[in-house]
Amino acid sequence: DTGVSQDPRHKITKRGQNVTFRCDPISEHNRLYWYRQTLGQGPEFLTYFQNEAQLEKSRLLSDRFSAERPKGSFSTLEIQRTEQGDSAMYLCASSPRDGLNEKLFFGSGTQLSVL
Amino acid sequence: AQKVTQAQTEISVVEKEDVTLDCVYETRDTTYYLFWYKQPPSGELVFLIRRNSFDEQNEISGRYSWNFQKSTSSFNFTITASQVVDSAVYFCALIQGAQKLVFGQGTRLTINP
(Lines give C-alpha, C1' and ligand atoms only; values in the text may rest on other atoms or scores of the structure.)
Protein backbone atom coordinates (compact mmCIF):
# COMPACT_ATOMS: atom_id res chain seq x y z
CA ASP A 1 0.00 0.00 0.00
CA THR A 2 1.86 3.04 -1.27
CA GLY A 3 -0.79 5.63 -0.48
CA VAL A 4 -2.44 8.15 -2.74
CA SER A 5 0.06 9.65 -5.15
CA GLN A 6 -0.29 13.03 -6.87
CA ASP A 7 1.80 14.52 -9.63
CA PRO A 8 3.20 17.10 -9.91
CA ARG A 9 3.71 18.37 -6.36
CA HIS A 10 4.03 21.94 -7.58
CA LYS A 11 2.96 23.67 -10.76
CA ILE A 12 3.59 27.26 -11.75
CA THR A 13 1.82 28.50 -14.83
CA LYS A 14 0.89 31.72 -16.55
CA ARG A 15 -2.65 32.93 -16.69
CA GLY A 16 -4.48 31.51 -19.66
CA GLN A 17 -2.47 28.30 -19.87
CA ASN A 18 -3.95 24.83 -19.44
CA VAL A 19 -2.73 22.52 -16.69
CA THR A 20 -3.35 18.87 -15.90
CA PHE A 21 -2.84 17.05 -12.64
CA ARG A 22 -2.72 13.33 -12.04
CA CYS A 23 -3.86 11.26 -9.08
CA ASP A 24 -3.12 7.59 -8.47
CA PRO A 25 -5.38 6.26 -5.72
CA ILE A 26 -4.63 3.37 -3.43
CA SER A 27 -4.91 0.19 -5.43
CA GLU A 28 -8.45 -1.23 -5.56
CA HIS A 29 -10.05 1.82 -3.99
CA ASN A 30 -13.13 2.36 -6.08
CA ARG A 31 -13.94 5.91 -4.95
CA LEU A 32 -11.77 8.85 -5.89
CA TYR A 33 -12.27 12.47 -4.87
CA TRP A 34 -10.87 15.85 -5.81
CA TYR A 35 -10.78 18.71 -3.31
CA ARG A 36 -9.39 22.24 -3.52
CA GLN A 37 -7.77 24.01 -0.59
CA THR A 38 -6.90 27.69 -0.52
CA LEU A 39 -4.58 29.27 2.01
CA GLY A 40 -5.99 29.28 5.51
CA GLN A 41 -9.11 27.34 4.58
CA GLY A 42 -10.31 23.79 4.80
CA PRO A 43 -10.51 21.64 1.67
CA GLU A 44 -13.61 22.09 -0.49
CA PHE A 45 -15.19 19.27 -2.43
CA LEU A 46 -14.90 19.46 -6.23
CA THR A 47 -15.97 16.09 -7.62
CA TYR A 48 -15.87 12.36 -7.07
CA PHE A 49 -15.84 9.12 -9.03
CA GLN A 50 -17.06 5.66 -8.29
CA ASN A 51 -14.91 3.50 -10.51
CA GLU A 52 -14.94 5.33 -13.86
CA ALA A 53 -18.26 7.10 -13.33
CA GLN A 54 -18.22 10.74 -12.24
CA LEU A 55 -21.12 10.85 -9.81
CA GLU A 56 -21.14 14.39 -8.51
CA LYS A 57 -19.63 17.77 -9.34
CA SER A 58 -19.59 20.80 -7.11
CA ARG A 59 -20.79 24.18 -8.30
CA LEU A 60 -17.21 25.26 -7.65
CA LEU A 61 -16.22 23.25 -10.71
CA SER A 62 -16.65 25.72 -13.55
CA ASP A 63 -16.74 24.60 -17.17
CA ARG A 64 -13.00 25.27 -17.37
CA PHE A 65 -12.46 22.28 -15.10
CA SER A 66 -12.75 18.70 -16.24
CA ALA A 67 -11.93 15.48 -14.45
CA GLU A 68 -11.63 11.98 -15.80
CA ARG A 69 -11.01 8.52 -14.50
CA PRO A 70 -10.99 6.54 -17.73
CA LYS A 71 -10.31 3.03 -16.47
CA GLY A 72 -11.42 3.39 -12.89
CA SER A 73 -7.84 3.64 -11.70
CA PHE A 74 -5.90 6.92 -11.93
CA SER A 75 -7.64 10.25 -12.46
CA THR A 76 -6.73 13.51 -14.12
CA LEU A 77 -7.96 17.01 -13.36
CA GLU A 78 -7.54 19.57 -16.12
CA ILE A 79 -7.98 23.30 -15.80
CA GLN A 80 -8.27 25.24 -19.04
CA ARG A 81 -7.46 28.93 -19.43
CA THR A 82 -6.20 29.20 -15.88
CA GLU A 83 -6.99 32.30 -13.83
CA GLN A 84 -5.21 33.68 -10.78
CA GLY A 85 -8.15 32.60 -8.65
CA ASP A 86 -7.37 28.99 -9.51
CA SER A 87 -4.21 29.17 -7.40
CA ALA A 88 -4.71 26.60 -4.66
CA MET A 89 -3.71 23.17 -3.41
CA TYR A 90 -5.56 20.43 -5.29
CA LEU A 91 -6.01 17.35 -3.15
CA CYS A 92 -6.96 13.89 -4.27
CA ALA A 93 -8.39 11.23 -1.96
CA SER A 94 -9.62 7.68 -2.31
CA SER A 95 -11.71 5.31 -0.25
CA PRO A 96 -12.07 1.57 -0.44
CA ARG A 97 -15.81 1.11 -0.34
CA ASP A 98 -19.08 2.83 -0.93
CA GLY A 99 -20.23 3.21 2.62
CA LEU A 100 -21.28 6.51 4.07
CA ASN A 101 -18.74 6.40 6.82
CA GLU A 102 -15.66 5.32 4.97
CA LYS A 103 -12.61 7.35 5.77
CA LEU A 104 -10.80 9.07 2.95
CA PHE A 105 -7.09 8.62 2.33
CA PHE A 106 -5.54 11.81 1.00
CA GLY A 107 -2.53 12.49 -1.17
CA SER A 108 -0.06 15.31 -0.52
CA GLY A 109 -1.66 17.50 -3.14
CA THR A 110 -0.59 19.56 -6.14
CA GLN A 111 0.13 23.20 -5.34
CA LEU A 112 -0.89 25.37 -8.30
CA SER A 113 0.34 28.93 -8.68
CA VAL A 114 -1.09 30.98 -11.52
CA LEU A 115 0.96 34.08 -12.31
CA ALA B 1 -27.03 23.16 4.82
CA GLN B 2 -24.09 21.52 6.51
CA LYS B 3 -21.46 23.64 8.16
CA VAL B 4 -18.46 23.05 10.39
CA THR B 5 -17.00 25.86 12.46
CA GLN B 6 -13.61 25.85 14.10
CA ALA B 7 -13.52 29.17 15.88
CA GLN B 8 -9.85 28.93 16.90
CA THR B 9 -7.72 29.95 13.95
CA GLU B 10 -4.40 29.50 15.73
CA ILE B 11 -3.32 28.09 19.08
CA SER B 12 0.17 28.17 20.51
CA VAL B 13 1.17 26.31 23.66
CA VAL B 14 4.31 25.12 25.36
CA GLU B 15 5.22 21.47 25.15
CA LYS B 16 3.54 19.19 27.73
CA GLU B 17 0.54 21.47 28.10
CA ASP B 18 -2.91 20.08 27.36
CA VAL B 19 -4.79 21.73 24.51
CA THR B 20 -8.38 21.49 23.28
CA LEU B 21 -9.47 22.21 19.72
CA ASP B 22 -13.11 23.17 19.36
CA CYS B 23 -15.48 22.07 16.62
CA VAL B 24 -19.14 22.98 16.20
CA TYR B 25 -21.24 21.62 13.37
CA GLU B 26 -24.62 22.19 11.76
CA THR B 27 -26.70 19.60 9.97
CA ARG B 28 -30.38 18.83 9.60
CA ASP B 29 -29.88 15.10 9.30
CA THR B 30 -30.03 12.63 12.15
CA THR B 31 -27.49 10.31 10.57
CA TYR B 32 -24.07 11.76 9.95
CA TYR B 33 -20.41 11.15 10.68
CA LEU B 34 -17.79 13.41 12.16
CA PHE B 35 -14.08 13.27 11.51
CA TRP B 36 -10.85 14.86 12.61
CA TYR B 37 -7.90 15.10 10.24
CA LYS B 38 -4.37 16.34 10.84
CA GLN B 39 -2.43 18.22 8.14
CA PRO B 40 1.29 18.41 8.85
CA PRO B 41 3.57 20.69 6.79
CA SER B 42 3.93 17.96 4.15
CA GLY B 43 0.33 18.71 3.17
CA GLU B 44 -1.16 15.24 3.38
CA LEU B 45 -4.34 15.01 5.43
CA VAL B 46 -4.03 12.25 8.02
CA PHE B 47 -7.16 10.59 9.40
CA LEU B 48 -7.44 10.68 13.19
CA ILE B 49 -10.95 9.63 14.15
CA ARG B 50 -14.47 8.98 12.86
CA ARG B 51 -17.66 9.05 14.96
CA ASN B 52 -21.24 8.40 13.98
CA SER B 53 -24.12 10.49 15.21
CA PHE B 54 -25.57 7.68 17.29
CA ASP B 55 -22.48 7.06 19.35
CA GLU B 56 -21.84 9.78 21.90
CA GLN B 57 -19.27 7.88 23.87
CA ASN B 58 -16.10 9.81 24.33
CA GLU B 59 -13.01 8.20 22.92
CA ILE B 60 -9.41 8.13 24.03
CA SER B 61 -6.46 7.06 21.94
CA GLY B 62 -3.17 7.53 23.69
CA ARG B 63 -2.71 11.26 24.27
CA TYR B 64 -5.70 12.08 22.06
CA SER B 65 -9.30 12.24 23.26
CA TRP B 66 -12.55 13.36 21.69
CA ASN B 67 -15.67 14.72 23.34
CA PHE B 68 -18.83 14.40 21.23
CA GLN B 69 -21.88 16.26 22.56
CA LYS B 70 -24.93 16.09 20.36
CA SER B 71 -26.87 18.52 22.56
CA THR B 72 -24.42 21.30 21.72
CA SER B 73 -23.44 19.98 18.25
CA SER B 74 -19.82 19.88 19.28
CA PHE B 75 -17.01 17.43 18.65
CA ASN B 76 -13.96 18.72 20.50
CA PHE B 77 -10.47 17.27 20.37
CA THR B 78 -8.00 17.31 23.25
CA ILE B 79 -4.31 16.57 23.14
CA THR B 80 -2.84 15.74 26.54
CA ALA B 81 0.82 16.41 27.29
CA SER B 82 1.37 17.99 23.87
CA GLN B 83 4.58 17.37 21.93
CA VAL B 84 6.34 19.37 19.23
CA VAL B 85 5.37 16.68 16.69
CA ASP B 86 1.73 17.54 17.29
CA SER B 87 2.27 20.86 15.52
CA ALA B 88 0.02 20.87 12.45
CA VAL B 89 -3.27 22.18 11.14
CA TYR B 90 -6.22 20.19 12.45
CA PHE B 91 -9.51 19.93 10.60
CA CYS B 92 -12.88 18.85 11.84
CA ALA B 93 -15.23 17.53 9.14
CA LEU B 94 -18.78 16.30 8.68
CA ILE B 95 -20.10 13.76 6.20
CA GLN B 96 -23.70 13.12 5.33
CA GLY B 97 -25.56 11.78 2.35
CA ALA B 98 -23.29 11.45 -0.68
CA GLN B 99 -19.85 10.96 0.64
CA LYS B 100 -18.64 14.54 0.63
CA LEU B 101 -16.63 15.74 3.54
CA VAL B 102 -17.43 19.26 4.66
CA PHE B 103 -14.41 20.70 6.44
CA GLY B 104 -14.05 23.45 8.97
CA GLN B 105 -11.54 26.24 8.42
CA GLY B 106 -8.91 24.44 10.45
CA THR B 107 -6.94 25.28 13.59
CA ARG B 108 -3.20 25.80 13.30
CA LEU B 109 -1.61 24.30 16.40
CA THR B 110 1.95 25.21 17.32
CA ILE B 111 3.68 23.38 20.14
CA ASN B 112 6.75 25.26 21.34
CA PRO B 113 9.63 23.42 23.00
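Side chains are part of it too, since the values below use all heavy atoms of this structure and drop only hydrogens, waters and symmetry mates. The chains referred to below are lettered A, B, ... by the order of the sequence lines, with proteins before strands, and numbering in each begins at 1. Predicted model only: the values in this text are computed from it and were never measured.
Note that the CD1 atom of B:I95 and the CG atom of A:L104 stand 6.5 Å from one another [nearest 0.5 Å]. From A:L46, atom CG reaches atom NZ of B:K100 across 11.5 Å, with rounding to the nearest 0.5 Å.
Within a 6.0 Å radius of CD in B:Q83, other residues, nucleotides and ligands contribute more than 12 heavy atoms. Within 6.0 Å of NZ in B:K38 there are more than 12 heavy atoms belonging to other residues, nucleotides or ligands. A:R9 CZ: more than 12 foreign heavy atoms inside a 6.0 Å radius. For A:L55, the CG atom counts as densely surrounded, since its 6.0 Å shell holds more than 12 non-hydrogen atoms of other residues, nucleotides or ligands. Within a 6.0 Å sphere centred on CG of A:L115, heavy atoms belonging to other residues, nucleotides or ligands number more than 12. The number of heavy-atom neighbours closer than 6.0 Å to NZ of B:K3, taken from other residues, nucleotides and ligands shown, is 12 or below.
The closest side-chain heavy-atom distance from A:K103 to B:F35 is below 4.5 Å. In this structure, the side chains of B:Y37 and A:P43 stay at 4.5 Å or more apart for every pair of heavy atoms.
Side chain of A:Y33 to backbone of B:L101: no donor-acceptor contact under 3.5 angstrom is found.
Counting heavy-atom pairs closer than 4.5 Å to chain B, the top-ranked of the candidates A:M89, A:Q6, A:Q41, A:E44 is A:Q41. Heavy-atom pairs under 4.5 Å with chain A peak, among B:G106, B:A93, B:S42, at B:S42. The candidate from B:Q105, B:Q39, B:E44, B:R108 with the greatest count of non-hydrogen atom pairs under 4.5 Å with chain A is B:E44.
Cluster annotation: A:Y35 and A:I79 are assigned to distinct hydrophobic clusters (Ile/Leu/Val/Met/Phe/Trp/Tyr, side-chain heavy-atom contacts under 4.5 Å, transitive). Residues A:I26 and A:Y90 fall into different hydrophobic clusters, defined by Ile, Leu, Val, Met, Phe, Trp and Tyr side chains chained together at heavy-atom separations under 4.5 Å.
Nearest heavy-atom pair across A:L91 and B:G43 is CD2-O, 4.1 Å.
Of the two parts of B:Q6, neither the backbone nor the side chain holds a non-hydrogen atom closer than 4.5 Å to a non-hydrogen atom of chain A. Contacts of A:Q37 with chain B are made by side-chain atoms alone, with heavy-atom separations under 4.5 Å and no backbone atom involved.
Remark: aromatic rings of A:F106 and B:F47 are distant, center separation not under 6.0 Å.
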